[in-house]
Amino acid sequence: MRVIRHQVAGEEVRVHFPEAEEDLDGFDRFLAQGDQYLGLDTETSGLDVFTAGHELRLLQVGNATDAWVLRIDRFRGAAIKALEQPRNFVAHNAPYDALVIDRHLGVPVEQLMPKIWDTKILAHIVDPRGKDEGGIGLDLKTLCAVHVDPDAPDTQNDLTAVFNSLGWKKVSGWSRIAIDHHAYVLYAGLDAILVHRLLQVLQGVLSESAELSKFEHKLQYLLTLLQRKGMPLDIPYVQRLLIELHNENVEYCDLAADLGVDNVDSPAQVGNRLIDMGETLTERTPSGQLKVDRSVLLQLADLDRDWKRIGAREPNPVADAVIRAKRAGKWAKTYAQAFLDHRDPSDRLHPTINSLQARTARMSVSRPPLQQLPSSDWRIRRAFIPDPGHVMIAADYMAVEMRVLAAVSGDLTMQNAIRQGLDLHSFTAERVFGPDFTSKDRKIAKSIGFGKVYGGGADGISRQTGADVESVRHALQAYDQVFPGIRRYSFSLIQRAQRGAREVVTPIGRRLPLDEDRLYAATNYVVQSTSRDLLAKAILNLFEAGFDKYLFLPVHDELIGQAPVGEAVDVVREIGEVMESTFQGVRIASSAAVVGSSWGSGYGAPEQLPAEMPIRKERRERPGQWFQDGLDI
DNA sequence: CCAGGCAGCCAC
DNA sequence: AAACGTGGCTGCCTGG
């Protein structure tokens, strides 16, 4: 039995590390003290819970003064027994530990997670900002430094230093360090003590924001179940795709090298070579470097945003080779290779779903980033296939951000247009430009709508659409007259923030801090956050209705899933019905559809289904990419 | 050698 | 008066 003593907030704490079976008597006595909740943490070999070599090494439980660090190789039974108690736990980022415990100890997510409070959720409700946004940050270390003890050790970074001193890299250290290494055991135990103390400080949130807190914990639990389920991959296809993308990358890298650019990933090199060739580069990055991003290179290569020839100039061969090489390289590594690296032994992918990530509470998906797969080309999404006998399905909210804007702003003109089922952008164009509006007018109207959601101004809209600033300015004024409620609403949010706290409160009661110099973002925050909450509520409702078995993944305003071939048409209809809601009098319409034999089928991949399966997937309007609808100038 | 800033690109 | 929102990830480059 080893006991390590340490100080936390001026108080002695003890980390108990049992070595022999008889040492567990003390652990039993510790549990018998009957703490209302226990801090919970695990130490593992790495982050990919579902990959073949993943290992659970330590499990830690603790209260404010004592932690018990259990070696799983010796005390697996004691660990399981502790977790199966009728007792609450507190963890920081509970889904990770719950999935680890589910996989390695057989205590299912369904049994453990409803008993866990997550300090990451509570901290996000208090202040969702990261460190670089002027907030505290959401990692255990910085939260504890603020709320528990300014001298609380940075266990992750300190251990990284230990790994480095032993000659290992950060990633491999977690599996290589001796299981009884002093610093490793100490830090493992301290995290359980720290998270316990952190809840003591943050537990006021559980009562002050009881509803919101419950909502977020439930959502997090359900999304953890989806993460455990994972998505099937078509591995032979991914392997072919990887080779295809690799070859594409090599081909264009060689071409670029022949033309004098050794490294296509070096913006400086690319920029200098283009200058040498006589091109004029006008744009600069914030730090003053020559800007050679995609839009600059596409223009030089005489390509539009869909990579089609414009015919306005002779394409610059360097620019052309560089963008093609970079795109193929990015797709190969970020997507195809990542799919192979992160898959489990039965060829499923379990991306990390963070149910509460952005300042606006938007969710994120990482390892790999499945919310950011290319949508202009089907080849990457084609990698995802349903289980045998199923088809992929998708259900999304139609222009949800515009609907939310109409609702929260109370603008009756926009609400009526939505109620009548009109095409909002055409309606706007007609009111702004008159009954004889052109398709170019409609595009401007659409851009202004999205500009309103994002807080964009005339310059931005002009830059992205190619329309001249003066006419955009004029259209913006007309827009404000057509929808006076929207302008009033934005104005009132800013005024409130100027008079009172620099924050905005969303309809669900979430307080979102505003940046002093970007108060105009308030409207976007409310709209984006509320759109997220609507999808979150839909996920809860779908589980309630038993439809979770059809779900794979949320993608901001959309749910990806699968359904048995014979029932798919009925399933998508019913999912669509559950998702539909009315928010402050505005209908939040959804569009659910059978996608096909792979996720790529919705994006143009060749279909491999029997012809009698009806498939309908319209191209969606994607607000964040309004520039893709740029005018042809 | 590595962390972190910057640039860039992917999405909604 | 004007104000383009939220993420994840990779590679280059620099400073410690």
Side-chain angles (χ1 to χ4, degrees), chain A residues 128-130 132-133 157 160-161 163-165 167-171 263-271 283-298 322-323 326-327 329-335 337-338 351-352 354 357-377 380-381 396-397 399-401 447-448 450-464 469 473 476 490 494 512 514-515 517-529 531-532 535 554-558 620-628:
Chain A
R129 292 172 299 178
D132 46 0
E133 297 176 296
N157 276 344
T160 303
F163 299 159
N164 290 340
S165 75
W168 308 323
K169 291 190 184 176
K170 185 175 173 176
V171 180
N263 186 348
V264 298
D265 287 318
S266 168
Q269 223 182 92
V270 173
E283 288 187 84
R284 299 254 167 191
T285 68
S287 67
Q289 304 298 308
L290 289 172
K291 191 162 192 155
V292 281
D293 66 6
R294 196 181 64 152
S295 73
V296 170
L297 294 179
L298 280 174
V322 168
I323 33 174
K326 285 180 72 170
R327 186 165 88 150
K330 160 128 183 140
W331 288 12
K333 289 183 188 70
T334 309
Y335 304 122
Q337 186 61 54
T352 303
N354 188 334
Q357 166 64 32
R359 186 189 305 205
T360 57
R362 260 195 172 191
M363 305 168 203
S364 73
V365 175
S366 57
R367 313 173 61 84
L370 294 201
Q371 289 185 324
Q372 291 111 291
L373 306 183
S375 62
S376 59
D377 183 312
I380 301 294
R381 292 183 197 240
D396 70 334
Y397 281 130
V400 63
E401 290 184 319
S447 298
I448 291 175
F450 293 139
K452 287 287 169 190
V453 170
Y454 291 142
D459 283 350
I461 294 169
S462 157
R463 207 174 25 246
Q464 301 299 346
V469 184
R473 211 162 270 151
L476 272 170
S490 302
I494 293 171
L512 307 179
L514 297 168
D515 298 337
D517 54 340
R518 292 165 59 245
L519 295 182
Y520 62 85
T523 306
N524 169 260
Y525 284 9
V526 173
V527 169
Q528 186 179 110
S529 191
S531 300
R532 175 274 187 191
L535 189 75
V555 188
H556 298 311
D557 62 354
E558 180 180 24
R620 329 163 352 92
E621 299 199 340
R622 286 155 301 152
Q625 303 203 337
W626 42 298
F627 55 84
Q628 288 200 350

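Each of A:S366 and A:Q269 has a nearest nucleotide on DNA chain C; the 5'-most of these lies closest to A:S366.
Among the atoms of the strands shown, only primed sugar atoms or phosphate atoms (P, OP1, OP2) are found under 4.0 Å from some heavy atom of A:R359. Residue A:N263 is in sugar-phosphate contact alone, with no base atom involved, counting any heavy-atom pair closer than 4.0 Å across all strands shown. When heavy atoms are screened at a 4.0 angstrom cut-off, A:V527 is found touching no nucleic acid atom at all. A:V292 comes within 4.0 angstrom of the backbone, heavy atoms only, and of no base. Looking at heavy-atom distances under 4.0 Å, A:K330 makes contact with a base. Within 4.0 Å (heavy atoms only), A:D459 reaches sugar-phosphate atoms of the nucleic acid but no base atom. Here A:Q371 lies in heavy-atom contact (under 4.0 Å) with sugar-phosphate atoms only.
Spacing between atom CG of A:L512 and atom P of C:dT6 amounts to 11 Å, rounded to whole angstrom units. As a whole-Å value, the separation of A:L514 CG from C:dG5 P is 12 Å. A:I448 has its CD1 atom 18 Å from the P atom of C:dG5, to the nearest Å. The distance from atom CZ of A:F450 to atom P of C:dT6 is 18 Å, rounded to the nearest whole Å. Straight-line distance from the CG atom of A:L476 to the P atom of C:dA1: 15 Å, rounded to whole Å.
Checking C:dG5, C:dC12, C:dA2 against the side-chain heavy atoms of A:N524 singles out C:dG5 as nearest. Distance from the side chain of A:K326 is smallest for B:dG8 among the nucleotides B:dC12, B:dG8, B:dC10. Side chain of A:A358, nearest nucleotide from C:dT6, B:dC10, C:dC12: C:dT6. In this structure, of B:dC12, C:dT10, C:dC4, it is B:dC12 that holds the atom nearest to the side chain of A:S375. Checked against B:dA7, C:dA2, C:dA3, the side chain of A:P267 finds its nearest nucleotide in B:dA7.
Between the side chain of A:D459 and the backbone N or O of A:S462, no donor-acceptor pair lies under 3.5 Å. Remark: side-chain polar atoms of A:N524 are paired, donor with acceptor, to backbone N or O of A:V453 under 3.5 angstrom.
Contact detail for A:V264 and A:K326: the closest heavy-atom pair is O-CD, 3.5 Å.
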